[in-house]
2 protein chains.
Amino acid sequence: MPDLGALELLLAVARLGSLGRAAKELGITQPAASSRVRSMERQLGVALVDRSPRGSRLTDAGALVTDWARRIVEAAEAFDAGAQALRDRRDSRLRVAASMTIAEYLLPGWLIALRSQRPDTAVSLTAGNSTAVAERLLAGDADLGFVEGLTVPTGLDSAVIAHDSLIVVTAPGHAWARRGKPLGAEELAATPLILREEGSGTRQVLDTALGGLARPLIELSSTTAVKASAVNGAGPAVLSELAVGEELSARRLVGIPLEGVELRRALRAVWPTGHRPTGPARDLLSLTRAGVG
Amino acid sequence: MPDLGALELLLAVARLGSLGRAAKELGITQPAASSRVRSMERQLGVALVDRSPRGSRLTDAGALVTDWARRIVEAAEAFDAGAQALRDRRDSRLRVAASMTIAEYLLPGWLIALRSQRPDTAVSLTAGNSTAVAERLLAGDADLGFVEGLTVPTGLDSAVIAHDSLIVVTAPGHAWARRGKPLGAEELAATPLILREEGSGTRQVLDTALGGLARPLIELSSTTAVKASAVNGAGPAVLSELAVGEELSARRLVGIPLEGVELRRALRAVWPTGHRPTGPARDLLSLTRAGVG
DNA sequence: CGCACTCATAAGTCCAGGTTATGCCCTCAT
DNA sequence: ATGAGGGCATAACCTGGACTTATGAGTGCG
């Protein structure tokens, strides 16, 4: 398994064109960097950088490895942004409460953007369901909240910042992946589906859209488990599009077009009625709304 | 920065419900696992798992962290699949040669799938441009090739396995993100764009589609650099949709609908004329075609 | 009550990755 | 030409963190 530090080093070498400069950027010495890259090359059995007395340049294999590495490091940065927000729990200038889906898929990106824009803003994050978010806001324990769902908790003002569409997905081998015409509500309702458990946000939306008729093939308690089942060909699943971007573009899953079924739900920023977001809360809010145009 | 090993451990704990079992799966002892999780919790300042005499369950924060961690680990697995293919250069049963874009974005996923389906197949990978791929195949140094582009090198048979569409993207704040009607060819050709350098595959497709008229605002030598410029609002960019899936779903970039411009190019599997792929090459080929339906 | 499972603590070992120190190679400017 | 400077490699040493084994303690069950 790769070592994150080594990957960062490799990216730095690619960017700066020299082992020494890369080493300095990461706060280590040049020999340390040299040895790290060397040991990585030994492990891969391929030369990654062309060393010359005028600097170091990536080889072809190095460029490929670097591109793969970049994905890992970007995911790690998102993790870090989220982790920092979890860590700085108390004395933060901006306290955010968010529902799970938003905290999982969207917040890390926003936090990275906010950090690059206002590097000195400390953000703290708590995650929970809609009512928990509302409680924290009303108790003054959070400055800004994010919820998904069909209704806005009372006592809160809100702004729609995005929409989350549920989509029907199957493994590429499934018969639905080949069908010519879009899927209708009746057929969807008549087919057993891989679903989140009753009471979950996505299940709620689906039941509403179909008039309470969704038939579960399997019920699972996490989005990830649903995804895994669908990828393994257990059947068609209904999931937030946020959760399956990766799988769709890698064609591990295929989206099935729908017709006459509306599976959108609003993602909303919320705050106590009257208390218009100001300062860092306003910054974050405008970041999130930028995407909607 | 997080430690990959600790993240894997956390995922294993989540899946298996016990520190001890997770430890065993990773080949370490229970105290080692215990201490690792503990140190991670100390670093984050949040309890991640609820320990009980009957096992360990994730806390809410733990579930969130685990979801973030899963992304990193998945990227690392893709890296690992690619790295292994680079490592086993010589005596492998299946030797693949692929163009950069395919090697970068698609192959790792295929290799993971192939590994789970045929765990004992050793794959080796070399990356290069179309002519290099053709040379290796014709010289008998590779069993199966993948190329993108408008033409098939002579001496090779091919099968289209997917299509790669170029798309026009801008930062969400750009005026085009708000326009109502699709963009036409003339307007696209008249606007300076952030592009890859002349001679690159994507540039080639764009020039062809526009009749050689693309006007560069900036020319950059890597897909990543183009992406970064576009995200920072330098202007509209043209990129493979494979490269921007992440950015689109996080709304760091917005896709601009086009009209009357065809920016698709075929991704093809290729092999020496007559030499129909057999054995592991056939397995890999059928994996890649599964997505097309 | 003792067995089987969980997790925590303690004490000891070991190596990966770091450091400093040094030398070689190349280029460029004086 | 020659010395200065940047870039990389090698060598020898140091250290801390992560692993190990050994043990104890809490819970539930036959």
Side-chain angles (χ1 to χ4, degrees), chain A residues 1-59 61-63 65-66 69 72-73 76 83, chain B residues 1-59 61-63 65-66 69 72-73 76 80 83 87:
Chain A
M1 269 275 158
D3 164 36
L4 264 180
L7 301 185
E8 280 186 274
L9 177 60
L10 190 61
L11 293 184
V13 171
R15 183 156 35 80
L16 300 173
S18 142
L19 285 182
R21 275 198 290 277
K24 190 176 299 176
E25 188 177 75
L26 299 205
I28 62 178
T29 56
Q30 172 263 319
S34 182
S35 116
R36 246 182 134 145
V37 170
R38 182 169 297 284
S39 91
M40 200 170 169
E41 288 178 317
R42 196 160 27 79
Q43 203 186 348
L44 295 180
V46 184
L48 298 177
V49 302
D50 254 342
R51 294 119 162 108
S52 89
R54 293 208 313 285
S56 295
R57 210 75 228 145
L58 291 180
T59 63
V65 168
T66 303
I72 306 181
V73 171
Chain B
M1 269 276 158
D3 165 36
L4 263 179
L7 301 184
E8 281 187 272
L9 176 60
L10 189 62
L11 293 184
V13 171
R15 183 158 35 84
L16 300 173
S18 144
L19 284 182
R21 274 197 291 277
K24 189 175 301 176
E25 187 177 75
L26 299 206
I28 62 179
T29 55
Q30 172 266 319
S34 182
S35 116
R36 252 186 126 140
V37 170
R38 181 170 300 283
S39 90
M40 201 169 167
E41 287 177 318
R42 195 160 28 79
Q43 203 186 346
L44 294 179
V46 184
L48 297 176
V49 302
D50 255 341
R51 293 117 161 110
S52 90
R54 292 207 314 288
S56 295
R57 211 71 224 148
L58 291 180
T59 62
V65 169
T66 303
I72 307 183
V73 171
D80 195 50
R87 180 168 35 246

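Letters go in sequence order (proteins before strands), and every chain restarts at 1.
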Original post:
So which heavy atom on B:Ala61 is nearest to which on B:Ala47, and how close?
Top reply: CB-O, 4.1 Å
Original post:
For the residue pair A:Met40 and A:Ala6, what are the closest heavy atoms and their distance?
Top reply: SD-CB, 3.8 Å
Let me know the distance between [atom1] of [X] and [atom2] of [N], rounded to the nearest Å.
X       : N      : atom1 : atom2 : result
A:Leu9  : D:dC8  : CG    : C1'   : 14 Å
A:Arg57 : D:dG7  : CZ    : C1'   : 14 Å
B:Arg38 : D:dG17 : CZ    : C1'   : 17 Å
B:Arg21 : C:dA4  : CZ    : P     : 16 Å
B:Leu16 : C:dC5  : CG    : C1'   : 15 Å
B:Leu19 : C:dC5  : CG    : P     : 16 Å
A:Lys24 : D:dG7  : NZ    : C1'   : 12 Å

Would you please confirm or rule out a distance under 4.0 Å between OP1 or OP2 of [N] and any side-chain N or O of [X]?
X       : N     : result
B:Ser18 : C:dC5 : no
A:Ser34 : D:dA9 : yes
B:Arg51 : C:dT6 : no

**OP:** Quick one, give me the B/S/- string for nucleotides 15-30 of chain C, reading 5' to 3', where B means a protein heavy atom under 4.0 Å from the base and S means that only happens at the primed atoms, P, OP1 or OP2.
**Re:** --SSBBB----SS---
Subject >> Qualifying residues under side chain to side chain donor-acceptor pair (under 3.5 Å), relative to A:Arg21, sequence neighbours excluded >> reply: none
Original post:
What residues form a side chain to side chain donor-acceptor pair (under 3.5 Å) with A:Arg15, not counting sequence neighbours?
Top reply: A:Glu25
Original post:
Looking only at atom types and distance, does a side-chain atom of B:Thr59 sit under 3.5 Å from a main-chain N or O of B:Leu48, one as donor and one as acceptor?
Top reply: yes
Original post:
When you measure from the side chain of B:Arg51 to the backbone N and O of B:Val49, does any donor-acceptor pair fall under 3.5 Å?
Top reply: yes
